[in-house]
There are 2 protein chains.
Amino acid sequence: MAALGLLAQRPGSGYDLLKLFENSMANVWPATQSQLYSELNKLADGGLIEVCDIGPRGRKVYRITTAGRAELRRWMADPDEDPPFRSASLLRVFLLGQIPARQARQHLKETVEQSHAEIARLSELRDKVGLTDSAQADDDAFFALAALDYGLRLNAMQAEWAHDVLARMEGRRK
Amino acid sequence: MAALGLLAQRPGSGYDLLKLFENSMANVWPATQSQLYSELNKLADGGLIEVCDIGPRGRKVYRITTAGRAELRRWMADPDEDPPFRSASLLRVFLLGQIPARQARQHLKETVEQSHAEIARLSELRDKVGLTDSAQADDDAFFALAALDYGLRLNAMQAEWAHDVLARMEGRRK
DNA sequence: ACGAGCATGTAACCTGTTACATGATTCA
DNA sequence: TGAATCATGTAACAGGTTACATGCTCGT
């Protein structure tokens, strides 16, 4: 479905999409090369995309079809079929009582640091993208920046939360 | 791995764990009945857990072993092997430029409402758990509440973010 | 005695991952 | 001409889902 969405923005080959997945998309929806090519074949079989050009080296340029656009709109509107939400990091929090308190504190401190590092990484990315693309005019760039903003806020929240839990742990010590 | 963690807190049968997954655990790490039982057999084969009692109806009560505790500590300390982070909702944001602006605004408004609904649900859950369990004394309850707090903050952040994106969309309109 | 709930398991299927495999083109 | 990169594909496996299947036991 991610592939269909990207093809809605502009036509491209499997290889093109792969690059997109490695760059901007990787933070949101990672996909492997293998996965991508079989997905493209499946979408083409279903008539949601079609080959619009064949270049050198057997390069197949795909384009979204009318049926594909309809399917994309349908998917956007209905979050029911989403894969269930599983967070390994939240599971760890649940089980933090099972390891020595010293290690638990260490774990939370690392969470704080990792969130800050992630914020630095995303900020840099935002500055790069935000300046080259004219997010004022381009819808796709506007929403890509909104997604990036989400990531920034998420990590800020996470750092603050881990910090607060640490403080509460200190408060509990006798 | 989630099953191993729960057995570290207290011994129990597959059926017992299933109830835990349906209740408190469901928000963090959903698992199906089928999955759970085969997982338990695999853990037992690997020597990470063992049957410590057999009750009526073939009820097998499992208990974590020393090897299991070691494995759990190892897993807690190393987040490298986590499944990749995939968020269908963030992907939707990325693709929001592909649907009519009216629908995009509608989508964001629904995000705000759903976050608020989720906050209400989690608040209720927190009040129930926070009063019965003495989170002051019990480590497990303390960290379960911390995980719940994470969920609350996440949804608050999400509502605020969606609200702000909406405002920025309005600002862009000519 | 019978229904609700306890308790476990199997089979078919789908998705995603890693590793393997192949060949074409460009450019230095 | 040889290396880098373009470009696609297959096979084996791991993890999760749904649906199917079976039997025991407790309380009324």
Side-chain angles (χ1 to χ4, degrees), chain A residues 1-7 11-23 25-46 48-63 75 80-88 91, chain B residues 1-7 11-23 25-46 48-63 71 75 79-88 91:
Chain A
M1 200 87 301
L4 182 62
L6 284 184
L7 286 177
S13 69
Y15 199 82
D16 293 338
L17 294 182
L18 195 60
K19 290 306 166 62
L20 284 175
F21 274 102
E22 278 169 6
N23 302 333
M25 211 77 172
N27 303 300
V28 158
W29 197 272
T32 59
Q33 173 258 26
S34 215
Q35 174 65 13
L36 187 49
Y37 282 109
S38 51
E39 180 81 9
L40 285 174
N41 283 327
K42 214 189 304 172
L43 288 171
D45 283 352
L48 303 181
I49 61 175
E50 62 188 3
V51 176
C52 66
D53 190 22
I54 292 193
R57 278 169 290 216
R59 172 192 168 90
K60 285 183 278 188
V61 181
Y62 290 99
R63 170 175 59 188
W75 177 81
D80 292 349
E81 59 185 73
D82 284 4
F85 174 76
R86 263 192 198 86
S87 165
L91 177 56
Chain B
M1 201 84 302
L4 181 62
L6 284 183
L7 286 177
S13 69
Y15 200 83
D16 292 338
L17 293 182
L18 196 59
K19 291 305 166 63
L20 285 175
F21 274 101
E22 278 168 6
N23 302 334
M25 211 77 173
N27 303 301
V28 158
W29 197 272
T32 60
Q33 174 259 25
S34 216
Q35 174 65 14
L36 188 49
Y37 281 109
S38 50
E39 180 82 9
L40 285 174
N41 284 326
K42 214 188 305 172
L43 288 171
D45 284 351
L48 302 181
I49 61 174
E50 62 188 3
V51 176
C52 66
D53 190 21
I54 294 195
R57 277 167 291 216
R59 172 193 169 89
K60 283 181 279 188
V61 182
Y62 290 99
R63 170 176 58 188
E71 168 63 11
W75 177 80
D80 292 351
E81 60 186 71
D82 286 2
F85 174 76
R86 266 193 197 85
S87 165
L91 178 56

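By convention in this document, chain letters (A, B, ...) are assigned in the order of the sequence lines, proteins followed by strands, and residues within each chain are numbered from 1.
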Would you indicate, yes or no, if [N] has its OP1 or OP2 atom less than 4.0 angstrom from a side-chain nitrogen or oxygen of [X]?
X	N	answer
B:Lys60	C:dG9	yes
B:Lys19	C:dC6	yes
B:Arg59	C:dG9	no

Whole angstrom is fine here: how far is it from [atom1] in [X] over to [atom2] in [N]?
X	N	atom1	atom2	answer
A:Glu81	C:dC14	CD	C1'	14 Å
A:Ile54	C:dT25	CD1	C1'	16 Å
A:Glu22	D:dT5	CD	P	12 Å
B:Arg86	D:dG15	CZ	P	15 Å
B:Lys42	D:dG16	NZ	C1'	10 Å
B:Leu18	C:dG9	CG	C1'	13 Å
A:Asp82	C:dT15	CG	P	14 Å
B:Phe85	C:dT17	CZ	P	15 Å

Taking DNA chain C as the partner, which of residues 30-41 of chain B come within under 4.0 angstrom of it by heavy atom?
B:Gln33, B:Ser34, B:Tyr37, B:Asn41

Within the 4.5 Å heavy-atom criterion, are [X] and [Y] side-chain neighbours or not?
X	Y	answer
A:Pro83	B:Arg86	no
B:Leu4	B:Glu71	yes
B:Phe85	A:Val28	no
A:Gln33	A:Phe21	no

Candidate nucleotides C:dT25, D:dT25, D:dG16, ranked by approach to the side chain of A:Arg57 - the nearest
C:dT25

Side chain of A:Ser13, heavy atoms from C-beta onward: which of D:dG16, D:dT8, D:dG15 has the nearest atom to it?
D:dT8

To the nearest 0.5 Å, what is the distance between CG on A:Asn27 and OG on B:Ser87?
11.5 Å

The reported gap from OH in B:Tyr62 to CG in B:Leu6 (rounded to nearest 0.5 angstrom) is 14.5 Å

Listed by chain and number, what are the side-chain hydrogen bond (donor to acceptor under 3.5 Å, both in side chains) partners of B:Asp16, not counting sequence neighbours?
B:Ser13, B:Arg59

